[in-house]
Amino acid sequence: MLKKVFFLFLALLFLGVTFRLLIPSTQHAAATQSTLDSMVLQTMNDIDKNGWNAAVKGTFINWYITNPATQQNTGHDSQNDLRDYEAMVWYKALHPTDTSQDQYIQRILPTVQAEWGNSNLSKGWVYAIFLRLAKYAGSSWNTTAQNWAASNYTKVTAANGVPLGPIVEDTGANAPTCPSGYRIDQNLETGLMLIDAGKRFNHPEWAQAGAKEVSQIDQQAFNQSVHLYARIMCQGKVWDNIAKDGEMGQEAQAYLDAGSYTGNQAYLAKGEEMLDAIANPATGFIDNTNGGIWFQKDLGTGVVDTGKKVMQQFAVLQAFYTGDLLFNNRYSAATNNMITAIQKSFVPGSVPGWMYERAPDFTQYKTENWISVEASGMAIEAILTMESNSSLPTSPLPSTTPLPTSGGTLPAGSTPVSISVGLQDIGNGGDISTGSTTGGN
């Protein structure tokens with residue numbers, strides 16, 4: 001009898017400890033989600049004020065924190081316009097009583113319609129944004145998504161697989177050029193989104209062309225020992241053997257998107273294989289001290305660049321969280337790690353937002369003291385994805401799943417958060433600073 005009472009006492013004690021652990025985590029989750037929401041709104045307000053380039057009726061690429069009114073990069077990237085518009089209408093859909101962005105939505109809408117209404121840009125994340133805009137900003141964007149798919153289907157069928165052309169290694173000055181090759185991430189994602197479009201819009205020929213493109217890239221560019229893709233193929237050979245943070249996230253996310261929507265288990269398995277590789281401590285990507293992941297890894301030499309963090313890594317946050325939903329909390333610790341990174345990398349103050357690059361501990365990197373529209377847009381996409389309770393339209397993923405608060409050791413200062421995820425795909429063309437250039441995707 002005494003033995004039974006003892007074990008009952010232990011059981012109750014265990015339950016009591018469990019409840020004391022779970023209840024605070026829920027409270028922290030609400031506070032953290034509010035904080036993330038505040039970061040989004042602060043950043044959009046900053047872009048509205050300091051990021052508007054009246055000459056092109058679009059956004060600046062970046063602006064200095066110390067003097068935002070007169071020190072901007074006057075270059076223009078229409079991909080930033082698209083993300084800025086997406087962020088505002090998405091935020092508005094989640095916060096319908098907040099009218100702060102209404103006038104700015106109307107200000108940039110004509111530019112975005114002109115730039116993207118008939119886009120054929122061979123980047124799969126563009127198609128994913130069109131689908132979300134169809135949900136949040138009007139069904140006419142479904143037509144844009146179909147036009148994108150039809151145009152890329154024509155390119156892929158004309159090439160009988162992957163379209164080839166001159167490829168510049170990065171956006172740096174005097175970067176080497178491959179005369180005939182292809183960017184692996186962009187074409188892989190395009191093929192996978194063609195598969196989605198084929199089913200979504202009842203065009204099986206699109207899906208067949210996309211599957212052929214994906215198969216060709218997988219055979220040529222997937223590193224079977226590291227379980228990640230190289231970056232550039234040139235004249236039938238791997239030319240750039242670097243795996244970069246945002247590009248890995250995009251690729252894995254596209255596999256999860258296409259596999260989830262079409263029910264293709266092989267694509268789901270490939271996405272899981274890639275996420276396992278990124279999350280595995282042996283690959284060296286995860287920074288368990290400060291949070292987030294390192295910029296890039298040479299798949300040939302195995303060398304990881306630990307000199308900086310690049311904010312394109314938030315594509316990996318989305319993929320980890322999506323994988324966590326699909327694969328039974330498999331990436332809970334890795335997801336928490338990335339949420340820590342998105343909080344630590346935010347720049348508060350009168351000119352808030354995200355910089356393109358940060359030091360390993362998320363302090364200022366070298367002399368970079370400017371807010372980047374690309375980095376801010378990608379961070380906002382990640383946060384709104386987690387808050388939105390939705391994935392790509394009609395996806396079979398569960399709409400709401402709490403983020404696990406166990407499964408790994410979190411970096412110091414991190415807080416588990418219970419929010420929801422949506423499928424998406426991100427990436428951009430790099431962040432060009434005043435007087436210098438940094439490579440992007």
Side-chain angles (χ1 to χ4, degrees), residues 39-40 42-53 58-77 79-81 83-84 87 169-175 242 244-247 249 285 287 289-297 304-317 338 340-383 411 426-441:
M39 290 176 180
V40 169
Q42 289 178 62
T43 302
M44 290 192 304
N45 287 338
D46 183 31
I47 295 173
D48 296 338
K49 177 182 177 181
N50 296 312
W52 181 249
N53 184 343
T59 59
F60 288 114
I61 291 176
N62 48 49
W63 50 91
Y64 279 83
I65 294 174
T66 52
N67 197 359
T70 59
Q71 285 187 293
Q72 312 102 349
N73 185 303
T74 56
H76 180 238
D77 187 341
Q79 296 169 99
N80 291 331
D81 295 339
R83 278 217 182 86
D84 184 34
E169 186 175 44
D170 56 47
T171 57
N174 303 315
I242 300 295
K244 290 189 175 182
D245 49 9
E247 295 166 11
F285 276 115
D287 179 3
T289 301
N290 294 297
I293 64 173
W294 300 110
F295 174 39
Q296 63 185 17
K297 178 175 182 174
V304 177
D305 182 347
T306 60
K308 64 181 178 180
K309 304 277 180 62
V310 176
M311 299 311 104
Q312 289 178 340
Q313 67 179 270
F314 298 137
V316 178
L317 167 57
M338 295 299 297
T340 295
I342 210 168
Q343 293 176 281
K344 282 188 173 183
S345 59
F346 178 71
V347 180
S350 60
V351 186
W354 281 267
M355 296 180 181
Y356 185 77
E357 298 169 314
R358 301 293 270 165
D361 61 354
F362 292 108
T363 56
Q364 182 173 310
Y365 177 70
K366 296 184 177 179
T367 61
E368 184 170 336
N369 66 340
W370 49 84
I371 297 298
S372 160
V373 172
E374 179 182 357
S376 296
M378 297 176 85
I380 290 172
E381 278 187 320
I383 292 170
I426 66 177
N428 213 17
D431 189 33
I432 306 171
S433 62
T434 304
S436 64
T437 307
T438 55
N441 68 336

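Just so you know, these numbers come straight off a predicted model, no measurement behind them.
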Side chains of [X] and [Y], heavy atoms from C-beta outward: is any pair under 4.5 Å?
| X | Y | result |
| --- | --- | --- |
| Ile65 | Met355 | yes |
| Thr70 | Tyr64 | no |
| Ile380 | Arg83 | no |
| Leu317 | Ile342 | yes |
| Trp370 | Asn73 | no |
| Asn369 | Gln71 | no |
| Lys344 | Asn290 | yes |

Where do [X] and [Y] come nearest, in terms of heavy atoms and distance?
| X | Y | value |
| --- | --- | --- |
| Ala359 | Tyr365 | N-CB, 3.6 Å |
| Gln42 | Pro352 | O-CG, 3.5 Å |
| Ala341 | Phe362 | CB-CZ, 3.6 Å |
| Ala175 | Asp170 | CB-OD1, 3.3 Å |
| Ala315 | Gly246 | CB-O, 3.5 Å |

Working to the nearest 0.5 angstrom, can you tell me the gap between [X] [atom1] and [Y] [atom2]?
| X | Y | atom1 | atom2 | answer |
| --- | --- | --- | --- | --- |
| Thr289 | Asp361 | OG1 | CG | 10.5 Å |
| Lys297 | Thr306 | NZ | OG1 | 12.5 Å |
| Asn62 | Asp77 | CG | CG | 11.0 Å |
| Ile371 | Ile47 | CD1 | CD1 | 9.0 Å |
| Trp52 | Asn50 | CH2 | CG | 14.0 Å |
| Thr74 | Phe60 | OG1 | CZ | 7.5 Å |

Val310 and Gln296: side-chain contact (heavy atoms from CB on, under 4.5 Å), yes or no, with the steps? CA-CA 9 Å; Val310 176; Gln296 63 185 17; over 6 Å; no
Does [X] use its side chain to pair, donor to acceptor, with the backbone of [Y] at less than 3.5 Å?
| X | Y | value |
| --- | --- | --- |
| Thr43 | Met39 | yes |
| Gln364 | Lys366 | yes |
| Ser376 | Trp354 | yes |
| Asp46 | Gly51 | no |
| Gln313 | Asp245 | no |
| Glu357 | Lys308 | no |
| Lys309 | Pro360 | yes |
| Glu368 | Tyr356 | yes |

Can Glu374 and Gln312 be counted as having a side-chain donor-acceptor contact under 3.5 angstrom?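 Note: Glu374 and Gln312 side chains meet the donor-acceptor criterion.
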Can you list the steps and then say if Met311 with Ser372 is a side-chain contact (heavy atoms from CB on, under 4.5 Å)? CA-CA 10 Å; Met311 299 311 104; Ser372 160; over 6 Å; no
Verdict with supporting geometry, Phe314 and Ile383, side-chain contact (heavy atoms from CB on, under 4.5 Å): CA-CA 9 Å; Phe314 298 137; Ile383 292 170; over 6 Å; no
Does the ring centre of Trp294 sit less than 6.0 Å away from the ring centre of Phe285?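 Centroid separation for Phe285 and Trp294: 6.0 Å or greater.
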